[in-house]
Amino acid sequence: MYCWGANSHGQLALGFRSEMCETPQKVESLPFDPSRINSICAGGGHTLLTVNATGDLYSSGWNNRGQLGLGHMEDVCRFTLVGQFDFDSIACGWDVSGAVSPEGEVYLWGSNVWHQVADKEIKYLMVPTKLPLPRGTKARKICFGLRHTCVLTDQGKIMLFGKSKWLQQEKITQSSVFFGGVEFYEMGFSEPVTDVASGENHLIAQLGQKQIVCLGDNKFGQSPEGIIYCSEEQQPNYIEQLESGWSHSGYRMSDGRVYLWGRNNYGQLGVAVNGDHNSPKALDVEGKVIKFCLGSQHGIASTRESLYTWGWNEHGNCGLGSVENVTSPTRIEGLANTRNIAAGAGFCWALK
């Protein structure tokens, strides 16, 4: 496994802290077989991963609010075992972490400054802690904004909690309920939600296979009004993956094409044209994109032959040996045939 970018909290699990690593670094001395990594995700300054067969959860990096789940608040510079949980999926926010169990239970830990992980009387959670959902609701996915948590239920509904003033400004049907000391906002749509991704102060929800609804802050065009439809030239393909950065978002089609929209001050849309875009623009890469990830203000995409990065690069998070912003997708040499990738606020991961 390889990593690069910001490492000021040890989030690259290299055994040391540094301002940045401008080129991909191979991670050595792993306490697990890297070929058995099931999933990996990255947050503001920390990394989580799960390992197949054992169900083990590991973490590394920034831990000022207990977001590593280790029972303390000291940063760690190598992957450290959190425990054996057998989670179906994991997620990282700025200073929070979460997971969904096979039974649809939600586990959260880290900062609770904005009441985004627990009862408002709790300041932080230092270990993975189950959060009961109203009415016995089961979760399919969780994701995080800067100050809020979003749960996609098995019934195709979205439940939000934490600080999300932008939500109250939306015209979409919503209701709220207090449960276990947490105020949940349930959002209603014209049809069940099939996927969701969240930015700093916005979210995007997929309806069916070919429609996306954007909600929240639209200062940079990240939440245009109305529904984003797959265009005629995209048919008969369907949306296969949603992703969001702080103030830009995107989706991947079943044919491997990627489309991005929103803020573009650092080239995070993969285009050199200055200015923001409130409609999807195609990402220009060679080959079919298998997976793409959006960090806070940069991106990474893998094809069968290559790995591309673009956008904000202050911490070397594009992995190209410099700190100049990258305004178009650029290939990283020597990292072909990646099977998984992840992007945090200013760093990246690639598993070969």
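All values below were derived from every heavy atom in this structure, side-chain atoms included, with hydrogens, water molecules and symmetry-related copies excluded. Computed from a prediction, not measured in an experiment: that's the story for all the values here.
- Side-chain contact check for Gln155 and Thr153: no donor-acceptor pair (N or O, by modelled atom type) lies under 3.5 Å.
- A donor-acceptor contact shorter than 3.5 Å links the side chain of Thr47 to the backbone of Gln11.
- Without hydrogens or angle criteria, Gln25 side chain to Thr23 main chain gives a donor-acceptor distance under 3.5 Å.
- By the 4.5 Å heavy-atom criterion applied to side chains, Ser328 and Asp284 are not counted as neighbours.
- Classification of Glu183 and Lys120 as a salt-bridged pair fails, no side-chain N sitting under 4.0 Å from a carboxylate O.
- Residue Arg304 qualifies as open at atom CZ: its count of foreign heavy atoms under 6.0 Å is 12 or below.
- You'll find the side chain of Met187 stays beyond 4.5 Å of the side chain of Val193, heavy atoms only.
- For the side chain to side chain contact (heavy atoms under 4.5 Å, CB included) criterion with Ser176, the lone passing option out of Tyr185, Phe184, Phe161 is Tyr185.
- Follow the hydrophobic side-chain contacts under 4.5 Å out from Phe144 and you reach Tyr107 in the same cluster.
- At a threshold of 4.5 Å between side-chain heavy atoms, the hydrophobic network of Ile, Leu, Val, Met, Phe, Trp and Tyr places Val51 and Met1 in one connected group.
- A distance of 10.0 Å separates CG of Leu49 from CG of Asn340, quoted to the nearest 0.5 Å.
- One finds a salt bridge joining Arg257 and Asp255 here, because a Lys/Arg side-chain nitrogen approaches an Asp/Glu carboxylate oxygen to under 4.0 Å.
- Between Thr303 and Glu286, the closest side-chain pair of non-hydrogen atoms is not below 4.5 Å.
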What verdict does the side-chain contact (heavy atoms from CB on, under 4.5 Å) test give for Ser8 and His315, after you've listed the backbone C-alpha separation in whole Å, the side-chain angles of each residue and the deciding distance to 0.1 Å? CA-CA 10 Å; Ser8 52; His315 300 286; over 6 Å; no
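- Minimum interatomic distance between Pro102 and Asp88 (heavy atoms only, all atoms of both residues): CA-OD2, 3.4 Å.
- A distance-only check finds a donor-acceptor pair linking the side chain of Arg252 to the backbone of Ile290 [under 3.5 Å].
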Test side-chain contact (heavy atoms from CB on, under 4.5 Å) applied to Met159 and Glu186, step by step: CA-CA 4 Å; Met159 304 186 77; Glu186 186 175 289; 4.3 Å; yes
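- With contacts defined as side-chain heavy-atom distances shorter than 4.5 Å, the pair Gln67/Trp94 does not qualify.
- Placement of Ile122 and Ile142 within a single hydrophobic cluster is found when ILVMFWY residues are connected by side-chain heavy-atom separations under 4.5 Å, directly or transitively.
- Side-chain atoms of Asn317 come within 3.5 Å of backbone N or O of Trp312 as a donor-acceptor pair.
- Remark: the backbone N or O of Asn218 is not paired with any side-chain donor or acceptor of Ser223 at under 3.5 angstrom.
- Ser296 places a side-chain N or O within 3.5 Å of a backbone atom of Ala345 that can act as its donor or acceptor partner.
- Side-chain contact check for His46 and Ser59: no donor-acceptor pair (N or O, by modelled atom type) lies under 3.5 Å.
- Glu200 and Arg263 are not joined by a salt bridge, as no carboxylate oxygen comes within less than 4.0 angstrom of a charged side-chain nitrogen.
- The 12-atom threshold is not exceeded at NZ of Lys157, counting heavy atoms of other residues, nucleotides or ligands nearer than 6.0 Å.
- A distance of 9.5 Å separates CD in Glu105 from CZ in Phe87, rounded to the nearest 0.5 Å.
- The aromatic ring centres of Phe79 and Trp349 sit less than 6.0 Å apart.
- Closest of all the heavy-atom pairs between Gly69 and Asn63 is N-OD1, 4.4 Å.
- For the pair Asn7 (side chain) and Cys21 (backbone), a donor-acceptor distance under 3.5 Å is absent.
- Counting non-hydrogen atoms of other residues, nucleotides and ligands closer than 6.0 Å to CD of Glu191 gives a total above 12.
- In the displayed structure, Phe179 atom CZ is contacted under 6.0 Å by more than 12 heavy atoms of other residues, nucleotides or ligands.
- Considering all non-hydrogen atoms of both residues, Leu160 and Cys150 come closest at CD2-CB, 3.5 Å.
- Residues Ala301 and Leu283 come closest through the heavy atom pair CB-CD2, 4.4 Å.
- Remark: the backbone N or O of Asp195 is not paired with any side-chain donor or acceptor of Lys141 at under 3.5 angstrom.
- Closest approach of Met253 to Tyr251, counting heavy atoms only: SD-CE1, 3.4 Å.
- Between the side chains of Ser39 and Thr50, at least one donor N or O lies within less than 3.5 Å of an accepting N or O.
- Counting only N and O atoms by type, the side chains of Ser249 and His202 include a donor and acceptor under 3.5 Å apart.
- Glu74 CD: 12 or fewer foreign heavy atoms inside a 6.0 Å radius.
- For Ile332 against Pro24, the heavy-atom pair with the smallest separation is CG2-CG, 3.9 Å.
- Follow the hydrophobic side-chain contacts under 4.5 Å out from Ile239 and you never reach Val289; the two are in separate clusters.
- A donor-acceptor contact shorter than 3.5 Å links the side chain of Asn264 to the backbone of Val271.
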Thr80 vs Leu68, side-chain contact (heavy atoms from CB on, under 4.5 Å): CA-CA, chis, key distance, verdict: CA-CA 9 Å; Thr80 304; Leu68 296 187; over 6 Å; no
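- Trp62 and Tyr58 fall into different hydrophobic clusters, where Ile, Leu, Val, Met, Phe, Trp and Tyr are joined by side-chain heavy atoms under 4.5 Å apart, directly or via other members.
- Side chains of Ser254 and Gln209 form no contact here, defined as non-hydrogen atoms less than 4.5 Å apart.
- With a 6.0 Å radius and a threshold of 12 heavy atoms from other residues, nucleotides or ligands, Arg36 has its CZ atom at or below the threshold.
- In terms of modelled atom types and a separation under 3.5 Å, the side chain of Thr309 and the main chain of Leu307 share no donor-acceptor contact.
- No side-chain heavy atom of Trp114 sits less than 4.5 Å from a side-chain heavy atom of Val96.
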